[in-house]
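The sequence lines fix the lettering, A, B, ..., with proteins before strands; numbering per chain opens at 1.
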Amino acid sequence: MGLLSDPVRRRALARLVLRLNAPLCVLSYVAGIAWFLALAFPPLTQRTYMSENAMGSTMVEEQFAGGDRARGFARDFAAHRRKSGALPVAWLERTMRSVGLEVYTQSFSRKLPFPDETHERYMVSGTNVYGILRAPRAASTESLVLTVPCGPDSTNSQAVGLLLALAAHFRGQIYWAKDIIFLVTEHDLLGTEAWLEAYHDVNVTGMQSSPLQGRAGAIQAAVALELSSDVVTSLDVAVEGLNGQLPNLDLLNLFQTFCQKGGLLCTLQGKLQAQDWTSIDGPLQGLQTLLLMVLQQASGRPHGPHGLFLRYRVEALTLRGINSFRQYKYDLVAVGKALEGVFRKLNHLLERLHQSFFFYLLPALSRFVSIGLYMPAAGFLLLVLGHALELWMQLHEAGVGPEEAGGASGPSPLPPQAQGIGLASLVAPLLISQAMGLALYVLPVLGQHVATQHFPVAEAEAVVLTLLAIYAAGLALPHNTHWVVSTQASDRGWMALKLVALIYLALQLACITLTNFSLGFLLAATMVPAAALTKPSGPRPLYGTLLVLTSPAATLLGSLFLWRELQEAPLSLAEGWQLFLAALAQGVLEHHTYGALLFPLLALGLYPCWLLFWNVLFWK
Amino acid sequence: MAANSFRPRVLTALAGLLALSFGSLADSRIEVCTSRFWFNYRHVANTLSVYRSVKRLGIPDSHIVLMLADDMACNARNPKPATVFSHKNMELNVYGDDVEVDYRSYEVTVENFLRVLTGRVPPGTPRSKRLLSDDRSNILIYMTGHGGNGFLKFQDSEEITNIELADAFEQMWQKRRYNELLFIIDTCQGASMYERFYSPNIMALASSQVGEDSLSHQPDPAIGVHLMDRYTFYVLEFLEEINPASQTNMNDLFQVCPKSLCVSTPGHRTDLFQRDPKNVLITDFFGSVRKVEITTETISLQPDLGIMESSNKEDQIDEERMEPLKYAEQLPVAQIIHQKPKLKDWHPPGGFILGLWALIIMVFFKTYGIKHMKFIF
């Protein structure tokens, strides 16, 4: 007989599994965390290299010399903007036309689900202005985009000036094989989203935008620029995009090549690059950068206009000019030359960027970790949920015993009845947890007006407080729903529930890890040990605290603190709480405006799962 | 009478001219560049530089089949449209004014190349796309692109192997489509392409050995690509010094681009070639130099006996008094190019050697006596 069908062997196997399970789980968890921490160290991290043959190894001499022109444009733009209060559309149109581009505008409007307090907007309407530089000798089948987001809080006038000066310079060259679109958007990312949706003729976020009159072919790559000062000391590059998507690594390699060529100081996550990778300092700094990238990627926010381009599979980067107190400064000509070089190289592309990695982690600008090397960390963590196997064995042991005893006295109705009770008592907690999750997802935005009528709070605060209220109400569930569960609660009841909950968690975390490794790893690292340890017996307050501390909301709070800590701007508790509330509001808002998936994942997926474990804890 | 006597002489003189060697009239060149895409600019520049040298040395376009897989001169990315440069700082434009490309763009395929070589072209193919060679033609084939051990990549989608190439040359030999063939290839691991040749009268040159890469020469910072490959760059430099009257031979070509300049080791193969490479002039393959022989044989063309007898008599009288026919040199190069006359090896005059040996024999017999002579003679 086979291994699993032979009862004697199966019992032996079951005993083996039961004995080894706990140490294996601990070992697996420790291995996962250790593997993750080792990602910043040399064997697992490699130097970056250019994979795309068409972008080759030859450099061109850049000829951009329009620094004064850029500054002039910037001053004009700033003055007109101050005068009009919004984006000076007529002036932009005139200037772009004088530079020689084909100019078009697009208007858009959107009513946000509730007022956005960080950006102070509710009913948003604006105009995007873009100019197309047609390739002189090629058909307009492909294009590149240079975009500058202009919002009410960040004027970005130097970026607009540089964009216009670059457009004037590019217009005088004859070697463009792709069209170049120079895009100035209003209201930051909302304008970018409106433009992208109209360009690709889709409507995913409910934005009302006028259709685009001028189009230029499939976009191959995009660069977003944010500059607020005449001189910069460094350029910070942002790669993480919406829902943790990343651009092709070749684009980053290209940018880094031009940083090195022009001698520009380029930073990643705001941190300088470690020079010394042979001693321990380099990898340690790399680890900090890596953790920052993981946290940013896990949040799933678009950290710049590039994040929205990625959804349409357009490789994009955002470059931010930072003016710190360092002595050595670069002017607009240096930044312009780097951009000219990047665009000239992108011009050589024959196909979309596809040769290099799409999934990677960056300990530094010149080092990366590929997916093949970082995935085992998540794999080890999810292996801990194989604890479910132990439960399965235990359930079957308990089932086998009475069967043997009852078998001697004829067919006994006990086993089917016991199994029947198991299943029935499972459905109720599942349904109730999912219902709570659904309530968490739908009620805050839906009920904000009702809340503001009855309580003296603003809409945004109402949304956030409703969120927290429903979340906390879930904690009280087991005591209220106990009447639904059958009173014949045996050991098998909670084991079956825990088994189902573990499988549910494993499925969800596995799916999340595949698309957004950082989010999956972070949630796994916190939720998996608590989930594995939960049981009704034993020190209940301890398990209860552990479970609460590892719930999704607490993970969010903890990661906020960690993020600020890594950025060397630590938060006090009060500040942290304020930031937490703001983050909750932003999460809900971004889900409605850009389609970010963190809020639905947590509300509809992980929170019900966590509630199941809470139910298991309070089974008796 | 004068007219009568004049006509046969002209005819005989014409007949004399026509009887000369027919070979050099049908020399042909095939130049193939097999790489597409802007970053393979250098392969097109390679092919065009060999084309330019060959045209400069006298081969007309009707005898050249030029195959270029992509259009670099009119590529949208070319900052200097209608030019293809081979030296940085844009010193030499190899595209010129009168480039005639026979197979262009997607027409450069393995099938078309083999059809050109073997002559199995569809009936409607224009003359410029055919290789019109016969058994007296010397053919130069130059190929460049991306290659590997035993293959050459065409157009990013197919390959030609060294075995196919060897078989194509054998077909050419059996169909008597060439007299002598020079095969030059500039790719990575180029020597693998000539390993399998088995037809006679083939000489082959390659830019690198098996396991080595052929490297490119120099990038141009204004255009943004590498302009030429090293081997062809130095071959071009070598060819720029050849003129139609040069007497440089193949051994000099084998020395072009040593490892110190080329980084790869160029190779060559001469075992299938019947003549000694040092007797083979560069212009045999790269140029079109017609050797003119004057012959004084006459052929009677008119069977009319009466006229023949009288004309024969007159001819015989005239022949005795006629000076030998001499024509001006076809290429009075020495007058055009002031060249230093090549130093011929000096041999002592024949009489001197005879006298020397007579002296030696006399001394020998004087010493040992005349009676030993009977043992020698």
**Q** Near A:R69 CZ, under 6.0 Å, is it more than 12 heavy atoms from other residues, nucleotides or ligands?
**A**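 No - once you tally the heavy atoms of other residues, nucleotides and ligands closer than 6.0 Å, there are 12 at most.
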**Q** Measuring from A:Y175:OH to B:K80:NZ, what's the distance to the nearest 0.5 Å?
**A**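 These two atoms lie 11.0 Å from each other.
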**Q** Is it the side chain or the backbone of B:N40 that comes within 4.5 Å of chain A heavy atoms, both, or neither?
**A**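 Neither part.
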**Q** Say you draw a straight line from CG of B:D220 to CD of A:E61; how long is it, rounded to the nearest 0.5 Å?
**A**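 Answer rounded to 0.5 Å: 10.0 Å.
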**Q** Return the CZ to CZ distance between B:R77 and A:R344, rounded to the nearest 0.5 Å.
**A**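 Result: 11.5 Å between the selected atoms.
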**Q** Report the distance from atom CZ of B:F39 to atom CG of A:N53, rounding to the nearest 0.5 Å.
**A**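 Spacing of CZ (B:F39) from CG (A:N53) equals 4.5 Å.
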**Q** Using every non-hydrogen atom in the two residues, find where B:G224 and A:H348 come nearest and quote the distance to one decimal.
**A**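 Looking at all heavy atoms of both residues, the closest pair is O-CE1, 3.8 Å.
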**Q** Heavy-atom distance under 4.5 Å to chain B: side chain of A:A54, backbone, both or neither?
**A**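 For A:A54, backbone and side chain are both near chain B.
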**Q** Take a 6.0 Å sphere around CZ of B:R196 and say whether it holds more than 12 heavy atoms from other residues, nucleotides or ligands.
**A**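 Incorrect, the count does not exceed 12.
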**Q** Which pair of heavy atoms, one from B:N78 and one from A:I174, lies closest together, and at what distance?
**A**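 Taking B:N78 first and A:I174 second, the nearest heavy atoms are O-CD1, 4.5 Å.
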**Q** Can you tell if the side chain of B:P81 reaches within under 4.5 Å of the side chain of A:R137, non-hydrogen atoms only?
**A**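 The answer is yes; the side chains approach within 4.5 Å.
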**Q** Starting at CZ of B:F37, measure out to CG of A:L349 and round the result to the nearest 0.5 Å.
**A**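 Result: 12.0 Å between the selected atoms.
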